[in-house]
Every structure is written in structure tokens, then in C-alpha cells.
Q: 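To start, I am sharing the structure in question, which I have written as C-alpha cells.
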Amino acid sequence: MNRHTDALTAIYPLLAGLSPEARALIEKEGRAMDVPAGTRIFDEHQPCGGFPFVLEGQVKVAKSSANGRELPLYRVHAGETCVISSACLLGHIDYNAHAVAETPARLLVLPTSLFDRLLSEPAFRQFVFSLFAERVAELMQLVEAIAFQRLDQRLAALLLGHGQTLHTTHQQLADELGSVREIVSRLLKSFAEQGLVALGRNQIDILDPAGLRALAAERK
């Protein structure tokens with residue numbers, strides 16, 4: 001029974017073209033992991049421990065500064081992959097970010113030696129580099145937002161798309177934006193004074209989503 005490869009190809013259809021030999025290697029050497037929410041999956045400056053497939057759950061990849069501030073880079077869901085892991089394995093370098101399970105997650109981790117061997121498989125190589133390209137494009141969008149978009153615009157965009165009420169803290173929003181709580185709190189207070197939101201304890205009610213969208217789209 002090919003539990004590992006059957007689960008992989010169901011969630012990652014690009015891998016359906018793997019040879020029987022490659023599927024057998026994944027079945028033999030792939031390591032299934034169930035991790036609780038909050039688990040640190042890898043950390044900065046650690047050697048790369050293998051190539052992870054996310055079968056269930058959500059993993060956040062983030063970069064930390066020396067003063068403890070954190071900037072989320074991207075999230076990995078089932079069917080996606082981690083470009084930091086790919087880059088570390090391809091370049092034979094240590095991790096330069098960290099990953100945390102935001103929900104209970106199930107992973108299948110391929111050891112480094114198997115990742116290297118599988119790169120000779122066209123289906124696996126296409127999978128790695130196509131998802132690598134997608135992640136790099138996402139990271140370029142993040143760099144563009146940080147470099148060229150005002151923080152109030154980024155905050156307005158962050159508040160949208162979660163329904164009428166967000167259950168979150170000012171610190172959590174600051175972490176998402178790579179900013180500090182005091183600045184985010186001042187911006188939220190300004191939004192409330194403009195009638196865009198109403199602030200409560202660990203709660204933000206969206207009163208004027210059209211106004212937030214207009215602010216997020218402003219060009220100056």
C-alpha cells in the first residue's frame with residue numbers, strides 16, 4: 001500500500017508523473033510528521049533538515065530581527081511548498097527564516113539525499129521550480145508593498161477579506177505587517193475616527209469596507 005505517494009499525488013497532482021522507482025523511494029524514505037499548532041518546524045541558522053510537503057494544516061514562514069520583531073514572508077498550505085527549504089537544499093545553506101505550524105499540521109519530509117536524487121525526475125524538477133517561481137513572485141510583491149506602500153494602506157488591505165468582525169490584537173496585526181504595536185494602534189485609532197472601523201477588546205468591526213478598499217488602493 002503506497003500511503004505516502006498516494007497522499008502526495010492526490011494533493012500535489014504535478015507529482016503524478018513520477019517514475020515507479022521515485023515513488024518507491026518516497027515510500028521508503030519519506031518521514032510522516034504530525035505537529036501540533038505552535039510547533040517550531042525549523043529555525044534560522046539551522047542546517048536544512050529535508051524537503052517538507054504539507055499534507056494538512058497551515059505553516060507560517062517568517063523572518064525575525066535582532067530586536068525580536070517578526071515579518072511573515074508567506075504561508076504554506078496543503079498542496080504548496082516552502083521556497084526557503086527549496087533554496088537551502090539547492091544552495092546547500094542553512095535556513096535564513098523560521099517556520100511555525102499555525103494549525104495542527106501533517107507533513108511528509110524527504111531527506112536531503114532523496115531530494116537531490118529526485119531532481120533528476122522531470123516531474124519532480126518541474127514541481128520544485130514552478131512552485132519556486134510562484135513563491136519568488138509573492139515575495140517580490142511583499143518587498144514592493146513594504147518599500148513603496150504606506151503602512152496605513154497595508155493595514156487597510158490587511159483588515160479586508162475576513163468578514164465584518166476580526167478577532168485579533170493590535171500586536172498580531174503589527175506582527176503581520178512587520179511593524180510595532182504603537183504605530184498600528186495609532187493608525188487603528190485614526191481609522192476609527194474616520195468611521196472606517198470600530199475598536200473593541202481583541203476585536204475590530206469593519207464599518208466601511210469600501211472606504212478601506214479606497215485607502216488601500218490610493219496612489220500617492
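Note: hydrogens, waters and symmetry copies are ignored here, and every other heavy atom, side chains too, is used. Numbers for residues simply follow the sequence, beginning at 1.
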Q: Can you tell me how far the CD1 atom of I84 sits from the CG atom of L89, to the nearest 0.5 Å?
A: 11.5 Å
Q: Atom CG in L18, atom CG in L25: separation rounded to 0.5 Å?
A: 10.0 Å
Q: Determine, using the 4.5 Å side-chain heavy-atom cutoff (strictly less than), whether V100 and L107 are members of one ILVMFWY cluster.
A: no
Q: Could you grab the distance from atom OG of S64 to atom CG of L71, nearest 0.5 Å is fine?
A: 9.5 Å
Q: Any donor and acceptor pair, going by atom type alone, linking the side chain of Q172 with main-chain N or O of T169 inside 3.5 Å?
A: yes
Q: Within the 4.5 Å heavy-atom criterion, are L173 and L158 side-chain neighbours or not?
A: yes
Q: Listing request: all ring-ring contact (aromatic ring centres under 6.0 Å, His included) pairs with a residue in residues 55-92, at least two apart in sequence or in separate chains.
A: none
Q: When hydrophobic residues are tied together by side-chain contacts of less than 4.5 Å, even through go-betweens, does V136 share a cluster with Y95?
A: yes
Q: Side chains of V61 and H98: does their closest heavy-atom pair fall under 4.5 Å?
A: no
Q: Only counting residues at least two apart or in another chain, list the ones meeting ring-ring contact (aromatic ring centres under 6.0 Å, His included) with F191.
A: none
Q: Between A97 and L73, which heavy-atom pair has the shortest distance, and what is it?
A: CB-CD1, 4.1 Å
Q: Return the minimal non-hydrogen interatomic distance between L166 and L159, and the atom names on each side.
A: CD1-O, 3.5 Å
Q: Is there side-chain contact between L155 and L215, with heavy atoms separated by less than 4.5 Å?
A: no
Q: Taking side-chain hydrogen bond (donor to acceptor under 3.5 Å, both in side chains) as the definition, give me every residue that meets it alongside E21, ordered by chain and number, with sequence neighbours left out.
A: S19
Q: Can you name the side-chain hydrogen bond (donor to acceptor under 3.5 Å, both in side chains) partners of Q46, sequence neighbours left out?
A: none
Q: Heavy atoms, side chains only, cut-off 4.5 Å: are F124 and I26 in contact?
A: no
Q: Looking at NE2 of H162 and CD1 of I206, how far apart are the two atoms once the value is rounded to the nearest 0.5 Å?
A: 8.5 Å
Q: With distance as the sole test, does S85 use its side chain to make a donor-acceptor pair with the main-chain N or O of F51 at under 3.5 Å?
A: no
Q: What are the two closest heavy atoms between L151 and S179, and how far apart are they?
A: CD2-OG, 3.5 Å
Q: Which distance, rounded to the nearest 0.5 Å, do you find between the NE2 of H170 and the CG of D175?
A: 13.0 Å
Q: Sorted by first residue and then second, give each side chain to side chain donor-acceptor pair (under 3.5 Å) pair with at least one member in residues 201-211; sequence neighbours left out.
A: T165-D205, Q203-D205
Q: Output the distance between atom CG (L207) and atom CD (Q164), rounded to the nearest 0.5 Å.
A: 7.5 Å
Q: Given the rule that I, L, V, M, F, W and Y join up when any side-chain heavy atoms are under 4.5 Å apart, are I93 and F132 in one cluster?
A: no
Q: Pairs in or reaching into residues 114-140: which pass salt bridge (charged side-chain N to carboxylate O under 4.0 Å, His left out), with residues at least two apart or in two chains?
A: E29-R117, E80-R135, R135-E138
Q: If every non-hydrogen atom of A216 is compared with every non-hydrogen atom of Q153, which pair is closest and at what distance?
A: O-NE2, 3.6 Å
Q: Would I146 and V184 show up in the same hydrophobic cluster when neighbours are defined by side-chain heavy atoms closer than 4.5 Å?
A: no
Q: Nearest heavy-atom pair of P72 and A62: which atoms, and what distance?
A: CA-CB, 3.8 Å
Q: Please list, chain by chain and in numerical order, all residues satisfying side chain to side chain contact (heavy atoms under 4.5 Å, CB included) with E193, sequence neighbours excluded.
A: K189
Q: Looking at side-chain heavy atoms only, is the closest gap between H167 and I204 below 4.5 Å?
A: no
Q: Flag the pair L160 / P209 as yes when at least one side-chain heavy-atom distance between them is below 4.5 Å, and no otherwise.
A: yes
Q: For S113, give me all partners under side-chain hydrogen bond (donor to acceptor under 3.5 Å, both in side chains), at least two apart in sequence or on another chain.
A: none
Q: Run the side chain to side chain contact (heavy atoms under 4.5 Å, CB included) test on I183 and V180 for me, step by step, so that the C-alpha distance in whole Å, both residues' side-chain angles and the decisive distance to 0.1 Å come before the verdict.
A: CA-CA 6 Å; I183 295 175; V180 294; 3.5 Å; yes
Q: As a test of understanding, state which of L108, T81, V76 forms a side-chain contact (heavy atoms from CB on, under 4.5 Å) with V54.
A: V76
Q: Do the side chains of L131 and V83 get nearer than 4.5 Å, heavy atoms only?
A: no
Q: Whether the side chain of S86 engages the backbone of C82 through a donor-acceptor N/O pair (distance < 3.5 Å, no angle test) should be reported.
A: yes
Q: State plainly whether one hydrophobic cluster holds both L15 and I11, where clusters connect Ile, Leu, Val, Met, Phe, Trp and Tyr through side-chain heavy atoms under 4.5 angstrom apart.
A: yes
Q: K60 vs E70, test: side chain to side chain contact (heavy atoms under 4.5 Å, CB included). Steps then yes/no.
A: CA-CA 11 Å; K60 178 179 72 174; E70 180 181 280; 2.8 Å; yes
Q: Would you say that R23 contacts D6 through its side chain, given a criterion of any heavy-atom pair below 4.5 Å between the two side chains?
A: yes
Q: Quick check: closest heavy atoms across G30 and L110, and the distance to 0.1 Å?
A: CA-CD2, 4.1 Å
Q: Any donor and acceptor pair, going by atom type alone, linking the side chain of S130 with main-chain N or O of Q126 inside 3.5 Å?
A: yes
Q: Among pairs that include at least one residue of residues 84-96, which meet salt bridge (charged side-chain N to carboxylate O under 4.0 Å, His left out), considering only residues two or more places apart or in two chains?
A: none
Q: Is there a donor-acceptor contact under 3.5 Å from the side chain of R31 to the main chain of P111?
A: no
Q: Considering only residues two or more places apart or on different chains, which pairs with a residue in residues 11-32 satisfy ring-ring contact (aromatic ring centres under 6.0 Å, His included)?
A: Y12-F53, Y12-F127
Q: Per the salt bridge (charged side-chain N to carboxylate O under 4.0 Å, His left out) rule, what does the pair list look like for residues 97-115, sequence neighbours excluded?
A: D34-R106, R75-E102
Q: Does any pair with a residue in residues 36-57 pass salt bridge (charged side-chain N to carboxylate O under 4.0 Å, His left out), and if so which ones, sequence neighbours excluded?
A: R40-D43, E44-K63
